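See structure below.
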Amino acid sequence: MTGSQQYHLEGVRKVFGRRQAALEGLDLTVARGERVALIGPSGAGKTTLFRMLNCTLRPTSGRLRIGGQEVAELYGRRLREMRRRIGTIYQQHNLVPRLRVVHNVLSGRLGSWSLLGSLASLARPSRPETAYRALADVGIGEKLFSRTDELSGGQQQRVAIARVLVQDPDVILADEPVSSVDPSLAETIIKLLVAISDDTRKTLLVNLHSTDLALSYFPRVIGMKAGVKLFDAAAAEVTPELLQELYSGHASEARADGSFQEQVHQRVAV
Ligand SMILES: Nc1ncnc2c1ncn2[C@@H]1O[C@H](COP(=O)(O)OP(=O)(O)OP(=O)(O)O)[C@@H](O)[C@H]1O
Ligand SMILES: [Mg+2]
């Protein structure tokens, strides 16, 4: 069964310095090709979780397996190979503004290019047709040679998606990919990500502030609060009461009475 599992987390905990745990006792299994939305208030631990899922952070304790591989055992080249199989789209795009779009898109390949090859490609893109195809897939093929900082926020987000297409990973993690665009464009971009994961059978995990988008486009929705999973349910089972509980109160207040995590564990056990 492990072969069909993309992610398997057991008791994952992450603590930064001497602070309260950013994630606590997290169990999670995601199948290959699955589409999952993560929702929850600011500071819930969503980005921290994504950074572990793309192997840029290691859990403080607990187990993290990706495609059956124990991540704690990966170092050097094997860790880099694992990272290359996971494409991340960030809210701030992480594009280089002054470069032409084609260069930003092709940088999705950096993981699999030699340093020399990558540098040479900055001077003259070696595979502009690859970049063009990815840009056409996200609807902005004509922007291939535009300067990235001359594009709108939504167009830049599409460039970031095109870059992940060029990377061709097994998993796409999108961390609040639509919080800087207007609602109708947000929906278009989410539809685009869902269509890409459908067509290519890539696993798709998205952190979203919009519960509407999460419930409309994702069959499975996970609610995170104060570092723990409040629920992990089919979208149809996420009730308004559950959403109210997710966003109610302040995370630190909820923790202060000591009962919050117990409530959560009861909830999860239901
Ligand atoms: N590098 C870091 N060093 C110290 N603390 C951190 C670090 N990264 C995250 N944290 C803390 O971990 C907790 C979870 O943060 P995280 O960014 O994962 O939340 P989030 O759910 O993504 O919130 P948002 O919706 O605002 O993006 C927060 O209390 C945050 O301050
Ligand atoms: Mg975040």
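Every number for a ligand or one of its atoms is a count from 1 in the order of the listing. This is a predicted model, so every value here is computed, not measured.
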(Q) If I apply the N/O under 3.5 Å rule, does Gly45 come out as touching ligand 1? (A) yes

Q. N/O of Ala44 under 3.5 Å from N/O of ligand 1, yes or no?
A. yes

Q) For Phe50, is the NZ or CZ atom of Lys46 found under 6.0 angstrom from the centre of its six-membered ring and inside 45 degrees of the ring axis? A) no

Q. Quick one: nearest non-hydrogen protein atom to atom 12 (O) of ligand 1, plus distance?
A. Ala22 CB, 3.3 Å

Q) Nearest protein heavy-atom contact for atom 26 (O) of ligand 1: which residue, which atom, what distance? A) Ser42 OG, 2.5 Å

Q. Taking the six-membered ring of Tyr75 as reference, does the NZ or CZ atom of Arg58 fall below 6.0 Å from its centre and within a 45° cone about the axis?
A. yes

Q | Pair Glu81 + Arg77: basic N to acidic O under 4.0 Å | A | yes

**Q.** 4.5 Å side-chain heavy-atom contact, Leu64 and Leu53
**A.** yes

(Q) So, 2.8 Å as the limit: is an N/O/S atom of Thr48 located closer than that to the Mg ion (ligand 2)? (A) no

Q: Output the list of atoms in ligand 1 that are nearer than 4.0 Å to some heavy atom of Thr48, sorted by atom number.
A: 9 (C), 14 (C), 15 (O), 16 (P), 18 (O)

Q: With heavy atoms under 4.0 Å as the rule, classify the contact between His209 and ligand 1 as side chain, backbone, both or neither.
A: side chain

Q) Of all residues at least two apart in sequence or in a different chain, which pass the side-chain hydrogen bond (donor to acceptor under 3.5 Å, both in side chains) check with Ser146? A) none

Q | Sidechain N-carboxylate O distance under 4.0 Å for Glu150, Lys143 | A | no

Q. How about Glu73 and Arg78: do any of their side-chain heavy atoms sit closer than 4.5 Å?
A. no

Q) At a 4.0 Å threshold, what atoms of ligand 1 neighbour a non-hydrogen atom of Thr47? A) 17 (O), 18 (O), 20 (P), 22 (O), 27 (O)

Q) Is the shortest distance from a heavy atom of Gly40 to ligand 1 less than 4.0 Å? A) no

Q.
Using a 4.0 Å cut-off to any heavy atom of Glu176, which atoms of ligand 1 qualify?
A. 25 (O), 27 (O)

Q: Around atom 1 (N) of ligand 1, find the nearest protein heavy atom and jot down its residue, atom name and distance.
A: Phe16 CE2, 3.6 Å

Q) Is the OH atom of Tyr217 crowded by more than 12 outside heavy atoms at less than 6.0 Å? A) yes

Q.
Hydrophobic clusters here meaning ILVMFWY residues chained together by side-chain heavy-atom distances under 4.5 Å, can you tell me if Leu208 and Ile196 are in one?
A. yes

Q: Considering the heavy atoms of Gly43, write down every atom of ligand 1 situated less than 4.0 Å from one of them.
A: 13 (C), 14 (C), 19 (O), 20 (P), 21 (O), 23 (O), 24 (P), 26 (O)

Q: From the options Gln20, Lys46, Arg19, Lys14, select the one whose nearest heavy atom is closest to atom 31 (O) of ligand 1.
A: Arg19

